[in-house]
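Only heavy atoms go into these numbers, but all of them, side chains included; no hydrogens, no water, no symmetry mates.
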Amino acid sequence: KKGGRKAKKALQLFEEMKKTKLIPNTSSYVSVLKSLIHLNDLKGFELIYQELLLIINNNQNFKQNFLSEKIFCTLIVGFSKLGKLSIAKEIFDNLPQKNVEICNAMINAFDE
């Protein structure tokens, strides 16, 4: 499938970017997470989630500047589409601040 090739190419470019010591930003992570959803790749999605958790745990200042509602929405929607609604709910429940977009992501997750 053409879409699958594009998603694989996006993942390849993401890995190449990291090898050159470029630091992915919010848009990078959202794009790669969406590619993994498109490929139905739960394992890859979980690996990127773990990478994000390491970023959060290792640098609190970076956390506040880096993590956006787009990442949380993508994680919530992605885990639900990949059959892990319980993880999506856990992410939602652990967010200290929720806005309309994040709540909508969780509502849509329940509708999957």
Side-chain angles (χ1 to χ4, degrees):
K1 293 179 181 177
K2 192 174 185 178
R5 282 196 306 264
K6 287 181 179 180
K8 287 179 183 176
K9 187 68 176 168
L11 295 174
Q12 180 184 0
L13 186 56
F14 180 76
E15 290 304 320
E16 288 173 13
M17 181 177 71
K18 290 194 308 184
K19 286 179 187 173
T20 62
K21 307 294 186 215
L22 291 173
I23 299 170
N25 64 13
T26 299
S27 295
S28 308
Y29 279 104
V30 168
S31 294
V32 79
L33 288 167
K34 287 181 177 181
S35 292
L36 291 163
I37 295 166
H38 183 79
L39 294 169
N40 201 33
D41 184 352
L42 176 60
K43 184 178 179 182
F45 196 88
E46 288 175 328
L47 287 172
I48 297 297
Y49 177 53
Q50 293 303 316
E51 188 174 314
L52 289 167
L53 289 178
L54 284 174
I55 291 168
I56 292 167
N57 292 330
N58 289 333
N59 190 336
Q60 291 301 312
N61 291 330
F62 187 60
K63 170 187 173 181
Q64 290 177 356
N65 295 328
F66 178 77
L67 294 176
S68 74
E69 73 180 34
K70 285 186 176 188
I71 287 181
F72 290 117
C73 290
T74 305
L75 287 169
I76 290 166
V77 169
F79 274 119
S80 79
K81 285 186 176 192
L82 295 170
K84 295 291 183 179
L85 182 60
S86 61
I87 297 174
K89 180 78 168 84
E90 182 181 319
I91 291 167
F92 178 81
D93 288 343
N94 287 323
L95 288 174
Q97 295 179 333
K98 297 169 183 74
N99 62 24
V100 172
E101 293 304 316
I102 290 171
C103 290
N104 284 341
M106 194 67 237
I107 291 166
N108 289 331
F110 283 124
D111 194 37
E112 286 293 323

ILVMFWY cluster, [X] and [Y] together (side-chain gap under 4.5 Å):
| X | Y | value |
| --- | --- | --- |
| L53 | L95 | yes |
| I48 | V77 | no |
| L22 | I55 | yes |

What salt bridge (charged side-chain N to carboxylate O under 4.0 Å, His left out) pairs are there with at least one residue in residues 92-103, not counting sequence neighbours? K89-D93
What pairs of residues pass the salt bridge (charged side-chain N to carboxylate O under 4.0 Å, His left out) test when at least one of them lies in residues 22-46, not counting sequence neighbours? none
L33 side chain near L52 side chain, heavy-atom distance below 4.5 Å: yes
Not counting sequence neighbours, which residues clear side-chain hydrogen bond (donor to acceptor under 3.5 Å, both in side chains) with N104? List them please. none
How would you list, by chain and number, every residue that makes a side-chain hydrogen bond (donor to acceptor under 3.5 Å, both in side chains) with E16, sequence neighbours excluded? Q12
Output all residues satisfying ring-ring contact (aromatic ring centres under 6.0 Å, His included) with F45, sequence neighbours left out; order by chain, then residue number. F79
State which residues pass side chain to side chain contact (heavy atoms under 4.5 Å, CB included) with A109; sequence neighbours excluded, sorted by chain then number. I76, S80, L85, M106
Just to verify, what does S28 make a side chain to side chain contact (heavy atoms under 4.5 Å, CB included) with, not counting sequence neighbours? F14, M17, P24, N25
To the nearest 0.5 angstrom, please state how far the [atom1] atom of [X] sits from the [atom2] atom of [Y].
| X | Y | atom1 | atom2 | answer |
| --- | --- | --- | --- | --- |
| L36 | L82 | CG | CG | 8.5 Å |
| N99 | C73 | CG | SG | 6.5 Å |
| E69 | Q97 | CD | CD | 11.5 Å |
| L75 | K84 | CG | NZ | 15.0 Å |
| T26 | K70 | OG1 | NZ | 9.0 Å |

Could you please spell out the steps behind the side-chain contact (heavy atoms from CB on, under 4.5 Å) verdict for L39 and L11? CA-CA 10 Å; L39 294 169; L11 295 174; 3.4 Å; yes
Any ring pair (Phe, Tyr, Trp, His ring centres under 6.0 Å) pairs touching residues 83-112, not counting sequence neighbours? none
Salt bridge (charged side-chain N to carboxylate O under 4.0 Å, His left out) against D111, all qualifying residues, sequence neighbours excluded: none
Heavy atoms of other groups near K9 NZ, more than 12 under 6.0 Å: no
